[in-house]
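Step one of this worksheet: look at the structure below.
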Protein chains: 2
Amino acid sequence: MPKKVDAEARRREVVEALFRVAVREGLARASLRTVADEAQLNIGSLRHYFDSQLELMRFAMRAMLDRVAARVQARLDRLDPAEQRDERVRDAVALLAELLPLDETRRDEVTVFVDFAALSRTNPDLRDLAAEAAAGTRGAARAVLAHVTGTAPSTTEVERLTSLVDGLGLNAVLHPDLVSSADAERVLTAHLTSR
Amino acid sequence: MPKKVDAEARRREVVEALFRVAVREGLARASLRTVADEAQLNIGSLRHYFDSQLELMRFAMRAMLDRVAARVQARLDRLDPAEQRDERVRDAVALLAELLPLDETRRDEVTVFVDFAALSRTNPDLRDLAAEAAAGTRGAARAVLAHVTGTAPSTTEVERLTSLVDGLGLNAVLHPDLVSSADAERVLTAHLTSR
DNA sequence: CCGAATGTATCACAGCTGTGATAGAACGGG
DNA sequence: CCCGTTCTATCACAGCTGTGATACATTCGG
């Protein structure tokens, strides 16, 4: 099979370029041309790796979702019910903090995700990914509450924690002057401590 | 002063048209042409009332923000510290519920606001309005917590409530199958009851 | 009644967008 | 070496976008 370049690596580079554009100028500005320019690729080359704008968008969003899901899952696997409560709360915060903009990587993820979530409302071709992400967050919240309290949480408590995390991420990204990343983590800690 | 039509009324009609388009297809699709069509106006006429797309956008967002702020303020003015705690919680929920999609009007507002908030991140010409809205929500949350607990709340508690409300609105609008409007109100009630 | 303000309507233009089509170049297996 | 796959690169096209300019109609004050 004739092949010079690593197609997988190229696709990843393109996705990174899309993320840079989306963070800098918004997801709406991440057109094939701007992403190609950012990746220092000809638009024709880009289209060799992604047949359409939709395919690129979906691939990039899936890459982001999978990356976050993997981090969350790794923390889920390491939860130890035998630990002291303080420690359990700390682990719980660290787990959900994977969804908060506590470092540059996560900030970029949350930033792009906000645009993506808004876009998915009116774009049928992205709805399934958004729904998957929303379900994943609720699963994590449920697991975290169970880990902290030792009992199965109510759907109300699950939604309370989920919406709190989503709101914190949203505000920390949109209004960093009002809500710093540290603030967001503090609020999350306060919430889980009081459960 | 020669005048046939009520310019103020026309502007309001245009804003309503913009809202319908934004709710249906997203704020990004609310171009001068689509809004003019929706308002059954010629684009030339529309531009007679709004010189530019930015002016229209700012006017529409300001109209929405003012309307919500007026409703919140009205409820703030009616808060009675002498009431029983149950009643105070109910009033508190009703106040912040002005920011939740509990009826069609509020649903449309929250829906458009989500798009607007995301857009404002990368659009300098809209940032001030978004900042004003964010500050307003925090003021309402602070007042609500003070009313329920009888003491001045910490910034952490204010942000916890603010982000919870924002997250609930976001999720109720983006994932109504996961979070109904009634769910959102239930969660808010649970939170304020436990304060 | 007539001129100016107000409102309605078109056209044109540059700048984007996604995408179809096409043409070569680079590469490696046979 | 040669042929087919892979990759890079361009052009063209229709469809949007905001906006400047312009023309015309309507309305009303003086």
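Given the structure is predicted, the values throughout are model-derived calculations rather than measurements. The sequence lines fix the lettering, A, B, ..., with proteins before strands; numbering per chain opens at 1.
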Inset, instruction - Compare all side-chain heavy atoms of B:R160 with those of B:H191 and state whether any distance is below 4.5 angstrom. - result: yes
Legend entry - Polar side-chain atom of A:R195 near backbone of A:L145 as donor-acceptor pair, under 3.5 Å: no
Inset, instruction - Would you mind reading off the distance between B:D125 atom CG and D:dG18 atom P, rounded to a whole angstrom? - result: 14 Å
Inset, instruction - State which of D:dG18, C:dT19, C:dT10 makes the closest approach to the side chain of B:I43. - result: C:dT10
Legend entry - Nearest-Å distance for atom pair CD/C1', residues B:E13 and C:dG7: 14 Å
Inset, instruction - Check the pair B:S180 / B:D183 against side chain to side chain donor-acceptor pair (under 3.5 Å), numbers first and verdict last. - result: CA-CA 5 Å; B:S180 70; B:D183 290 337; 3.1 Å; yes
Inset, instruction - Would you tell me if any nitrogen or oxygen in the side chain of B:S45 comes within less than 4.0 Å of OP1 or OP2 on C:dA9? - result: yes
Inset, instruction - Return the value, rounded to whole Å, for the distance between atom CG of A:N42 and atom P of C:dA26. - result: 15 Å
Legend entry - Between D:dA9 (P) and A:Q40 (CD): distance, integer Å: 11 Å
Legend entry - Residue whose closest nucleotide on DNA chain D lies nearer the 5' end, B:R33 versus A:R33: A:R33
Inset, instruction - Would you kindly say whether B:S163 and B:D166 are connected by a side-chain donor-acceptor distance under 3.5 Å? - result: no
Legend entry - D:dG18 OP1/OP2 closer than 4.0 Å to side-chain N/O of B:S52: no
Inset, instruction - Name the residue closer to the 5' end of DNA chain C, choosing between B:H48 and A:L32 according to the nucleotide with the nearest heavy atom. - result: B:H48
Inset, instruction - To the nearest Å, give me how far apart CG (B:L46) and P (C:dT10) are. - result: 15 Å
Legend entry - D:dT6 phosphate, OP1 or OP2, under 4.0 Å from A:Y49 side-chain N/O: no
Inset, instruction - Quickly work out the B:F50 CZ to D:dT19 P distance and round it to whole Å. - result: 13 Å
Legend entry - Distance in angstrom units between B:R11 CZ and C:dT6 C1', rounded: 14 Å
Legend entry - Integer-rounded Å distance: C:dT6 C1' and B:R47 CZ: 16 Å
Inset, instruction - Using a cut-off of strictly less than 4.0 Å, decide whether A:R10 has a side-chain nitrogen or oxygen near OP1 or OP2 of D:dT8. - result: yes
Legend entry - Beyond-backbone contact of A:R71 with A:R106, side-chain heavy atoms, under 4.5 angstrom: yes
Legend entry - Sugar-phosphate, base or nothing in reach of B:L41, heavy atoms under 4.0 Å: nothing
